[in-house]
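To keep things clear, I will list the structure first and then write my remarks on it.
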Amino acid sequence: MFAQMALEAESTLTDRFQTTVPSPVRQALHLNKKDKIKYIIQSDGSVLMKRAETAETDPVLDQFLSFLAVDMQKHPEKLQPLSASLRQGVASLVAGVEVDLDAALSDEDE
């Protein structure tokens, strides 16, 4: 069993209460420029710091989905199931198409 090695680092607050995250901390947390940091303040006054996970959101898509949700709540009578013919039509359009959702977009696709 390996002993865990504790690593300490310190930094100084500027007059504007800003600081530089020390290199060993950036490396340990895999931080890059513009990444967010999450602070968890414990009841004993100690503070845990970790890399904040950011969910990539699209504000236009979020607004559209909110619009749809409100519209469906206001007018549930307008909701209709997809017809078998529409499902078959969509299936034929995408038959044989393979998509890698993890692949990076090309410059022309962004």
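Computed from heavy atoms alone, side chains included, the values below leave out hydrogens, waters and symmetry copies.
- Around atom CD of E10, no more than 12 heavy atoms belonging to other residues, nucleotides or ligands sit under 6.0 Å away.
- Panel note: side chain R51, backbone D35; no donor-acceptor pair is recorded below 3.5 Å.
- Hydrophobic clustering (ILVMFWY, side-chain heavy atoms < 4.5 Å, transitive): V47 and L29 are in one cluster.
- Smallest separation of non-hydrogen atoms from P24 and L7: CB-CD2, 3.6 Å.
- Few gaps surround CG on D44; more than 12 heavy atoms of other groups in view lie less than 6.0 Å from it.
- Under the 4.5 Å side-chain heavy-atom criterion for Ile, Leu, Val, Met, Phe, Trp and Tyr, V21 and Y39 are members of the same hydrophobic cluster.
- The neighbour count for I41 CD1, taken as heavy atoms of other residues, nucleotides or ligands under 6.0 Å away, does not exceed 12.
- Heavy-atom contacts from other residues, nucleotides or ligands closer than 6.0 Å to CD of E77 number more than 12.
- Annotation: the span from L31 atom CG to M49 atom CE amounts to 6.0 Å, rounded to 0.5 Å.
- To the nearest 0.5 angstrom, Q63 atom CD is 9.5 Å from D58 atom CG.
- Closest approach of S11 to T19, counting heavy atoms only: OG-OG1, 2.6 Å.
- Annotation for E8: atom CD does not count as buried by contact number, only 12 or fewer foreign heavy atoms lying within 6.0 Å.
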